[in-house]
Amino acid sequence: MVLDTGSELSWVHCNQTTRNNQPDPTIFNPNQSTSYKPIPCFSPTCVNKTQDFPIPPSCDSDNLCHATLSYADASSSDGNLASDTFHLGSSGNISGLVFGCMDSIFSSNADEDSKTTGLMGMNRGSLSFVSQMGFPKFSYCISGSDLSGLLLLGDSNVTWLTPLNYTPLVQISRPLPYFDRVAYTVQLQGIKVSGKLLPIPKSVLVPDHTGAGQTMVDSGTQFTFLLGPVYNILKREFLNQTAGVLRVLEDPNFVFQGAMDLCYRVPLGKTRLPNLPSVSLVFTGAEMVVSGDRVLYRVPGETRGNDSVWCLSFGNSDLMGVEAYVIGHHHQQNVWMEFDLEKSRIGLAHVRCDLARQRFGVGL
């Protein structure tokens with residue numbers, strides 16, 4: 001399952017039929033579960049606990065609670081809400097956990113999603129996995145090489161870990177049209193390129209009267225997206241600091257993933273990128289440093305002559321129609337991320353996630 005701190009409902013891919021009488025291990029067949037219970041559309045769960053869903057649930061022809069979910073990368077899924085018994089690690093059986101049994105899935109990246117059984121919703125909504133389980137905190141670490149990693153549910157008490165720097169979660173209690181109340185929102189204070197603080201007005205880094213401009217930590221989004229004015233300031237400075245070091249891709253028609261328009265040409269035979277400026281996201285009380293190859297991303301399958309194409313791994317959220325700053329999992333790689341719900345804060349520390357996994361004796 002994809003670990004997604006930016007969405008609420010956990011779901012699995014469901015199908016009530018088997019091909020050639022062979023069950024598909026990536027698809028859940030509810031007919032084979034004696035504890036599976038579909039949720040009626042007039043039940044308190046469907047009526048009262050789905051208020052933070054972006055699209056309100058509806059009634060299907062069987063009077064069951066039907067949910068449609070859509071994501072920032074244009075993927076979507078829909079199906080019925082249900083409950084069943086989940087088995088997770090050593091914590092025994094968890095009965096009555098509400099999830100989505102999705103029979104229709106549309107993806108913008110079919111190759112990657114064919115490996116995925118479903119999604120684990122980890123935001124602060126009442127039906128998220130972490131809310132239903134009542135965990136006071138959870139932590140994860142995403143490897144920089146293959147997106148494997150480690151997820152800890154509950155208190156970690158990791159004594160060998162580098163001390164975490166904490167930043168408080170921002171909360172706005174009144175409903176605002178563009179503010180996601182159940183997201184993990186932090187306060188972005190500024191951005192540095194190679195230690196140089198960019199001239200960004202503080203006013204554009206805080207949510208406005210509509211709620212637009214919040215900064216969300218979202219493990220379900222790949223890259224980091226900044227509002228247009230801030231993105232343009234970063235782009236200008238990065239261009240200045242890489243002049244003469246990297247060759248810019250002069251192609252106004254090429255915009256990677258519709259939002260990343262600063263790209264470079266790198267000779268295909270080159271095994272290492274030159275030393276690149278680091279980009280630091282400065283929060284209240286903490287800093288996330290993006291350095292080395294993670295500042296750029298090689299576009300799969302894209303070449304120009306004998307050159308590969310690499311793009312700045314920050315995008316313009318205005319081009320995606322998103323009214324927020326979003327910090328994706330590419331920049332969370334090799335960062336220990338602790339979500340402390342009890343104290344309403346996020347802690348982070350730069351670590352080698354492959355070594356952290358070995359310390360816990362997993363994935364050796």
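Throughout, numbering of the chain's residues begins at 1 and tracks the sequence. Bear in mind that the values here come from a model prediction, so they are computed numbers and not experimental data.
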Does the pair F314 and I191 meet the rule for a side-chain contact (heavy atoms from CB on, under 4.5 Å), with working shown? CA-CA 12 Å; F314 292 80; I191 298 175; over 6 Å; no
D84 with K37: basic N within carboxylate O range, under 4.0 Å: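 No.
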Lys/Arg-Asp/Glu bridge criterion (N-O < 4.0 Å) met for K235, D261: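 Result for this pair is yes, salt bridge flagged.
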hydrophobic_cluster_shared for [Y] and [X], side chain cutoff 4.5 Å:
X	Y	result
V206	V322	no
L188	I200	yes
I327	V295	yes
F238	Y231	yes

Using only the SG atoms, decide whether C46 and C65 are less than 2.5 Å apart. yes
Enclosure of N240 CG (heavy-atom neighbours >12, cutoff 6.0 Å):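 Yes, enclosed.
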Worked verdict on Y166 versus E338 for side-chain hydrogen bond (donor to acceptor under 3.5 Å, both in side chains): CA-CA 9 Å; Y166 287 96; E338 179 186 277; 2.8 Å; yes
When rounded to the nearest 0.5 angstrom, what is the spacing between CG in N63 and OG in S43?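 These two atoms lie 11.0 Å from each other.
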Relative to each other, are the rings of F256 and F223 parallel, tilted or perpendicular (30° and 60° limits)?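 Perpendicular: the ring planes of F256 and F223 meet at over 60°.
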Run M120 and W11 through side-chain contact (heavy atoms from CB on, under 4.5 Å) and show every step you take. CA-CA 7 Å; M120 186 181 275; W11 57 264; over 6 Å; no
Cation-pi check for F339 against R124: NZ or CZ below 6.0 Å from the six-membered ring centre and within 45 degrees of the axis, yes or no? no
